[in-house]
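Reckoned from all heavy atoms, side chains included, excluding hydrogens, waters and symmetry mates.
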Amino acid sequence: MSQFWKPGAEKPRILDDEEGGVLFLSSSASSSGYGYVSIEKQRQRLPVYKYRTAILYLVEHHATTVIVGETGSGKTTQIPQYLKEAGWADGGRTIACTQPRRLAVQAVASRVAEEMEVKLGEEVGYTIRFEDVTDANKTRIKFLTDGVLLREMMDDPLLTKYSVIMVDEAHERSVSTDIVLGLLKKIQKCRPELRLIVASATIEAKAMAAFFQTRKRRTTKLVESTTSEESAILSVEGRGYNVEIHYVEEPVSDYLQAAVSTVQLIHDKEPYGDILVFLTGQDDIDAAVKLINEEAPNGGKNSSGLFALPLYSGLSRAEQELIFSPTPRGKRKVVISTNIAETSLTLEGIVYVVDSGFSKQRFYNPISDIENLIVSPISKASARQRAGRAGRVRPGKCYRLYTEEYFLKEMSAQGIPEIQRSNLVSSVIQLKALGIDNILGFNWLAAPSPETMIRALEVLYSLGVLDDDAKLTSPIGFQVAEIPLDPMISKMILASNELGCSEEALTIAAVLSIQSIWVSGKGIQKELDEAKLRFAAAEGDHVTFLNVYKAFLQSGKSSQWCYKNYINYQSMKKVLEIREQLRRIAQRLGIALKSCGDMQAVRKAATSGFFSNACQLEAYSHNGMYKTVRTSQEVYIHPSSVLFRVNPKWIVYHSIVSTDRQYMRNVVSIDPSWLTEVAPHFYRQQAPNPFIH
DNA sequence: CTCAGTAAT
């Protein structure tokens, strides 16, 4: 195979499968090396290398190329380099490659810079939120999160600086990926010279290719022309080891117990190698860890050598480090994890996977406007991804706690894309800001329900972000769109400008944007509650956050101080970062930075953003039952709130978590007269609503 | 009386 594909060179062999024009090349097995190998040799050993010519051919001749590549194929690091070598970055143009996660962007960018022997941030750079390691004049290959690409479109709607955009991990179908793909299809119409590569780990390739097809296929053969508007599909094998799949013979009723006994079975019968167990949430995981460690007490001479560790996002730094420390000789590590280990984290040394077949998934109900976390069956795609985690170091085994028949006949192939399970308020305002007027008619890869879209339009209308024609209002709509936050929080910031408390609003906005500022943990509940009391404000959680933030600054941003006060230091660092970004944006929007110390102004600003989340305590309620003003739903203050058991008469909440009850997280007390004051259109009778007739 | 995972010039 020639090292560089040149126009006019013999084109690669194409096997048309009569369905999608799938291209295969016979693969001669690549041997793994021993000892020192040059970077160039390493690159040539990656499975994707055999397809170099084919990929460049397809990109040259097709507006869109869909590449199906398993993990370990090298597609992410190699394809951008091939494109650059073939001249796609000549004349000051840039090749973009998006990822759903920040960590992946950083990791891939530094790997590619290393391979190209250039300094990161020059020829090869990356951009993620809070970090722009690029040089506008020098960067020719740029890695970025798809969320950042979306933001870039606000300044440059046609993304003119990019010659090729590769959207990686498209099978994950994150909200941003779906929106980016829909917008790129639109951009293609105006920029026929733009090339798209959609890289996906699973079969959804055909649906993806069909989506980008701008013209009906004329024949089953690939049409020869300068550029085909048809999309091409290419398949690249991966480099994982074989994973033997085992199913249970009968359905299990208790997957927690089944997981624990499977772990013990593996430990008794199978050779060394660590185990990864997928369960659904913190509770199950902690219980399973306890069961395993009790049945196999470790440390003594008679220890079985089996020890279990939990893994979920809420873990502290120290607990996370345990997971990654190598397993001592003669021991076997069991990591019990949420689906964080499915994509976001890679553990070394895993040989066995136990898959419960479930994960917690978000579901959004546009009628109640509540997002729920529900334990749901995973898709085949997820099941394969989980199994693949066993084959990274040597051939492995995956034990599925469901029957083969269930896998074959009942499990859905792909699962519901996130965009169809989410509140769309943030997405809709982004599309509006990009000039997409007809949200319902947008070319969605998977259209959300009309109810969800209409609900999002209603919320934006009630916030004064959209006018009667569903167009962004000026200036409020455009300002809210500029701020990278939930529109309700952005509205709070805008309102704080007039109320003279923008400094406070920025702090609250930053804290509301992260999971929690408190440390999490089971055994320390009492201590945590006591620590909270030191900062607790009678007005509610928002004011409590201000107290914490102020004290944190006074401590000199000390991690020791955080430790003593049961505050998560990592979270506080994130708060500082987000607040700094918001401060810059606020200044650009002409918001004066003012602090007034008047908590009534602060609560009023919060009400201006969250008036639609107002709740009233039920009269004579002895158990703290509230009803939402908008829909009269039963809700309760979350036990983590400083207002839990305080139960002021009127409150607004930031969000609801739904378990056996609907719990309001982050609440602040208000005066009900503020509701009609800040949102008269919403709280006066029979407010005209242009979206519902 | 409590919480899957990501992400935003």
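Comparing A:I585 and A:N339 against DNA chain B, the residue whose closest nucleotide sits nearer the 5' end is A:N339. Comparing A:D132 and A:T338 against DNA chain B, the residue whose closest nucleotide sits nearer the 5' end is A:T338.
Across all strands shown, A:N372 has no heavy atoms under 4.0 Å from either base or sugar-phosphate atoms. Within the 4.0 angstrom heavy-atom criterion, base atoms lie near A:L485. As judged by a 4.0 angstrom heavy-atom cut-off over every strand, A:R588 is placed among the base-contacting residues. A:R362 comes within contact range of at least one nucleobase, with a heavy-atom separation under 4.0 Å. Nucleic acid contact for A:S176: none, since no nucleic acid atom lies under 4.0 Å from a heavy atom of the residue. Heavy atoms of A:L373 sit under 4.0 angstrom from at least one base atom. At the heavy-atom level, A:R129 lies under 4.0 Å from base atoms of the strands shown.
Using modelled atom types and a 3.5 Å distance limit, the side chains of A:D369 and A:Y364 yield a donor-acceptor pair.
Closest contact between the side chain of A:K360 and the listed nucleotides B:dA4, B:dC1, B:dA8 involves B:dA4. Distance from the side chain of A:Y312 is smallest for B:dG5 among the nucleotides B:dC1, B:dG5, B:dT2. Checking B:dA8, B:dA4, B:dA7 against every side-chain atom of A:R101, the shortest atom distance belongs to B:dA7. With distances taken from any side-chain atom of A:P639 to the nucleotides B:dA4, B:dA8, B:dC1, the minimum falls on B:dC1.
When rounded to the nearest whole Å, the span between CZ of A:R386 and P of B:dG5 equals 12 Å. Rounded to whole Å, the distance from CG on A:L279 to P on B:dG5 is 13 Å. Distance A:I285 CD1 to B:dT2 C1': 15 Å, rounded to the nearest Å. Going from atom CD of A:Q662 over to atom C1' of B:dT2 covers 14 Å, rounded to whole Å. Between the P atom of B:dT6 and the NE2 atom of A:H171 lies a distance of 15 Å, rounded to the nearest Å. Across the protein-nucleic acid pair, A:Q361 atom CD and B:dT6 atom C1' stand 14 Å apart, rounded to whole Å. If you take OH of A:Y636 and P of B:dC3, they are 15 Å apart, rounded to a whole angstrom. One can place NE2 of A:H654 at 17 Å from C1' of B:dT2, the figure rounded to the nearest angstrom.
Contacts of A:L322 classified as side-chain contact (heavy atoms from CB on, under 4.5 Å), with partners at least two apart in sequence or in another chain: A:L309. Applying the ring pair (Phe, Tyr, Trp, His ring centres under 6.0 Å) rule to A:H654 yields the partners A:F610; only residues at least two apart in sequence or on another chain are considered.
Each of A:L576, A:T544, A:I508 was scored for a side chain to side chain contact (heavy atoms under 4.5 Å, CB included) with A:Y549, with one residue passing: A:L576.
Shortest non-hydrogen contact noted between A:A109 and A:V124 is O-CG1, 3.7 Å.
Applying the 4.0 Å criterion to OP1 and OP2 of B:dA4, one finds that A:T280 has every side-chain N and O outside that range. Here A:R151 does not reach the OP1 or OP2 of B:dA7: none of its side-chain N or O atoms lies under 4.0 Å away. Checking the phosphate oxygens (OP1, OP2) of B:dA8, a side-chain nitrogen or oxygen of A:T145 falls inside 4.0 Å.
Salt-bridge check for A:R665 with A:D541: failed, with every basic side-chain N at 4.0 Å or more from each acidic carboxylate O.
At a cut-off of 3.5 angstrom, the base of B:dG5 holds at least one donor-acceptor pair with the side chain of A:E418.
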